[in-house]
Amino acid sequence: MKKYLLYGYGKTTKAIRAYFDNNDISYIIYYETGDDQFPVEDILNDINYLVKSPGIKFSKPFLELAKRHKIPIISDLELVSILYPTILPIIITGSNGKTTTTYLIYEMLKKLPLFENSLCGNIGIPIFSRFLEKNLPKCLIVEASSFMLHNTYTTHPKVYVITNIVSHHLDYHQTFANYFYDKTKLLNNMDENDYIIYNLDDEELGRKINSYKLPRVLSYSLKNPNASVYLQNQGIYYLDELIVKLSDLKRFEDVIVQDMMMAILVAKIYQLSNNYIRSTLTAFTGLKYRFNTIKLKDDLIIINDSKATSPSATS
């Protein structure tokens with residue numbers, strides 16, 4: 001029987017612990033208290049996997065010790081791949097726009113039986129909380145942070161959405177090259193049956209994606225009509241089809257429109273009708289603390305983007 005060590009004790013770990021308890025899986029929990037009175041190395045005996053809370057920096061001495069013991073350090077997303085290898089998730093990552101895009105994709109797909117109990121990840125719903133419900137998920141829609149992806153290796157996305165990649169979280173990843181690698185490395189696990197969605201205007205990301213020569217690459221752009229989804233005549237188009245007019249949307253800021261474009265592409269993969277896509281987009285009023293505009297005077301606009309994790313999110 002495999003034995004796991006859960007490192008840290010936040011929402012992610014608590015959900016895994018509940019899942020392990022329900023399924024009689026052997027585990028121990030470790031987190032630094034500052035007054036440990038036993039040899040730390042002793043708790044690594046007979047451990048097969050160390051599941052790390054995503055926010056813990058990978059430079060921690062305890063993780064270095066685990067590496068010396070040749071213990072794989074994994075994320076909760078990687079743990080899903082180990083325990084449920086047939087689940088091929090939709091994964092949304094990127095520097096900005098992940099949460100709104102993930103929410104919109106879920107709103108598009110939630111009526112399909114495949115996506116019951118599917119929304120999870122960095123959006124605030126621990127992945128393993130979905131495996132505590134009566135009906136186990138058949139697929140997952142996962143907002144994936146770079147912290148989560150750093151310790152994710154074999155996960156195979158069915159659809160991989162990369163919103164954008166800008167310099168971010170360098171206190172954690174140390175270099176942009178490291179950060180870029182963690183955001184894109186799951187491309188190595190994809191094949192000709194999978195879909196990749198990205199911003200056509202991100203040239204470096206485009207070069208990386210195109211180097212894999214996979215056939216199902218979809219793109220979006222605010223300015224390039226060669227993208228799969230693009231702006232034209234004050235409307236959002238998918239190929240030559242008008243999906244929705246900007247005037248019909250409650251939110252039509254550029255950053256929100258880009259999130260909608262990615263959701264449209266995922267909806268098209270799963271063959272949802274234009275009418276349904278349109279109704280979902282026109283009903284969307286935005287998420288709290290994410291690019292909420294507060295107008296105080298005609299010449300003064302305050303944007304509440306307090307959930308953003310970088311200044312570039314509001315640019």
Side-chain angles (χ1 to χ4, degrees), residues 90-105 108 141 143-144 146 149 157-168 176-177 179-246 249 251-272 274 277-278 280-281 284 291 308 310 312-315:
I90 296 174
I91 297 178
I92 301 94
T93 194
S95 301
N96 303 314
K98 296 188 299 297
T99 301
T100 301
T101 301
T102 302
Y103 175 82
L104 282 168
I105 289 171
M108 294 283 190
I141 299 173
E143 180 188 347
S146 60
L149 293 173
K158 178 63 180 176
V159 180
Y160 199 36
V161 181
I162 306 178
T163 63
N164 47 62
I165 302 181
V166 298
S167 186
H168 199 16
F176 178 71
Y179 175 67
F180 189 90
Y181 173 76
D182 280 335
K183 286 290 191 184
T184 59
K185 66 182 180 182
L186 293 189
L187 293 169
N188 292 305
N189 302 337
M190 301 179 73
D191 61 37
E192 66 276 4
N193 298 310
D194 305 320
Y195 293 87
I196 302 165
I197 294 171
Y198 82 106
N199 185 345
L200 188 62
D201 303 323
D202 189 329
E203 294 180 2
E204 183 174 1
L205 179 57
R207 285 192 295 272
K208 178 69 172 179
I209 289 172
N210 291 330
S211 70
Y212 286 86
K213 302 188 187 311
L214 295 173
R216 296 181 174 181
V217 177
L218 305 174
S219 61
Y220 69 94
S221 174
L222 292 174
K223 56 189 181 183
N224 190 337
N226 293 317
S228 311
V229 169
Y230 53 91
L231 278 184
Q232 183 172 279
N233 300 325
Q234 293 300 300
I236 303 176
Y237 282 76
Y238 169 75
L239 302 180
D240 294 326
E241 299 177 295
L242 174 64
I243 301 299
V244 65
K245 295 178 180 178
L246 295 186
L249 299 173
R251 300 294 303 273
F252 47 81
E253 301 92 338
D254 284 352
V255 291
I256 303 296
V257 169
Q258 289 180 97
D259 299 337
M260 290 179 172
M261 288 175 161
M262 290 177 272
I264 289 168
L265 287 169
V266 176
K268 283 295 186 178
I269 290 170
Y270 289 93
Q271 301 179 343
L272 296 179
N274 287 350
I277 294 170
R278 186 179 303 111
T280 302
L281 296 179
F284 182 65
F291 215 83
S310 71
S312 63
T314 53
S315 62

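Here the structure is a predicted model, which means the values were calculated and not measured. Position 1 is the first residue of the sequence, and the numbers go up from there.
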J.: Considering all heavy atoms of both residues, which atom of K98 and which atom of A144 are nearest to each other, and what is their separation?
T.: CD-O, 3.7 Å

J.: Using the test side chain to side chain contact (heavy atoms under 4.5 Å, CB included), find all partners of N224 that sit at least two apart in sequence or belong to another chain.
T.: L200, D201, S221, N226

J.: What residues form a side chain to side chain donor-acceptor pair (under 3.5 Å) with T93, not counting sequence neighbours?
T.: K183

J.: In the structure I gave you, are the side-chain heavy atoms of F284 and T100 within less than 4.5 Å of one another anywhere?
T.: yes

J.: Can you tell me if S219 uses its side chain to pair, donor with acceptor, with the backbone of Y198 under 3.5 Å?
T.: no

J.: Do F176 and E204 have side chains that get closer than 4.5 Å, going by heavy atoms?
T.: yes

J.: Are N96 and V255 packed together at the side-chain level, in the sense that at least one heavy-atom pair is separated by less than 4.5 angstrom?
T.: no

J.: What heavy-atom pair brings P157 and I91 nearest, and what distance separates the two atoms?
T.: CG-CD1, 3.9 Å

J.: In a table with atom names and distances, give each donor-acceptor pair under 3.5 Å that connects a side chain of residues 211-218 to protein atoms at least two apart or in another chain.
T.:
| residue | atom | partner | partner atom | Å |
| --- | --- | --- | --- | --- |
| S211 | OG | K208 | O | 2.5 |
| Y212 | OH | N188 | OD1 | 3.0 |
| R216 | NH1 | N193 | O | 3.2 |
| R216 | NH1 | Y195 | OH | 3.3 |

J.: Decide yes or no on side-chain contact (heavy atoms from CB on, under 4.5 Å) for I162 and I197, but give the supporting numbers first.
T.: CA-CA 6 Å; I162 306 178; I197 294 171; over 6 Å; no

J.: Side chain to side chain donor-acceptor pair (under 3.5 Å) with D194: which residues, sequence neighbours excluded?
T.: H156

J.: Would you indicate whether the side-chain heavy atoms of V229 and I236 approach each other to under 4.5 Å?
T.: yes

J.: Other residues, nucleotides and ligands only: do more than 12 of their heavy atoms fall within 6.0 Å of NZ on K245?
T.: no

J.: Is a side-chain donor or acceptor of Y220 paired with a backbone partner of L265 at a separation under 3.5 angstrom?
T.: no

J.: side-chain contact (heavy atoms from CB on, under 4.5 Å), that's the test. Do V161 and V159 meet it? Break it down for me.
T.: CA-CA 6 Å; V161 181; V159 180; 4.0 Å; yes

J.: Do V266 and M108 have side chains that approach each other closer than 4.5 Å (heavy atoms only, starting at C-beta)?
T.: no

J.: For the OG atom of S95 and the CZ atom of F180, what is their distance to the nearest 0.5 Å?
T.: 10.0 Å

J.: Drop me the distance from I269's CD1 to I90's CD1, to the nearest 0.5 angstrom.
T.: 7.5 Å

J.: I'd like to know whether CZ of F252 has more than 12 heavy-atom contacts from other residues, nucleotides or ligands below 6.0 angstrom.
T.: no

J.: So, T99 versus E143: side-chain donor-acceptor pair below 3.5 Å or not?
T.: yes

J.: Let me confirm one number: the CG-CD1 distance from L104 to I277, rounded to the nearest 0.5 Å.
T.: 12.0 Å

J.: Apply side-chain contact (heavy atoms from CB on, under 4.5 Å) to residues Q258 and L222 and explain how you reach the verdict.
T.: CA-CA 7 Å; Q258 289 180 97; L222 292 174; 3.7 Å; yes

J.: Do L249 and V244 come within less than 4.5 Å of each other through their side chains, counting heavy atoms only?
T.: yes

J.: Could you tell me whether the side chain of L281 reaches within less than 4.5 Å of the side chain of R251, counting heavy atoms only?
T.: no

J.: Return the CD1 to CZ distance between I264 and R278, rounded to the nearest 0.5 Å.
T.: 9.5 Å

J.: Can you tell which of I196, I165, I209 makes a side chain to side chain contact (heavy atoms under 4.5 Å, CB included) with T184?
T.: I165

J.: Output all residues satisfying side chain to side chain contact (heavy atoms under 4.5 Å, CB included) with Q232, sequence neighbours left out; order by chain, then residue number.
T.: Y230, Y237

J.: Dump the intermediate steps for side-chain contact (heavy atoms from CB on, under 4.5 Å) on N199 and M261, then the final yes or no.
T.: CA-CA 10 Å; N199 185 345; M261 288 175 161; over 6 Å; no

J.: Listing request: all side chain to side chain donor-acceptor pair (under 3.5 Å) pairs with a residue in residues 262-271, at least two apart in sequence or in separate chains.
T.: E241-K268, K268-N274

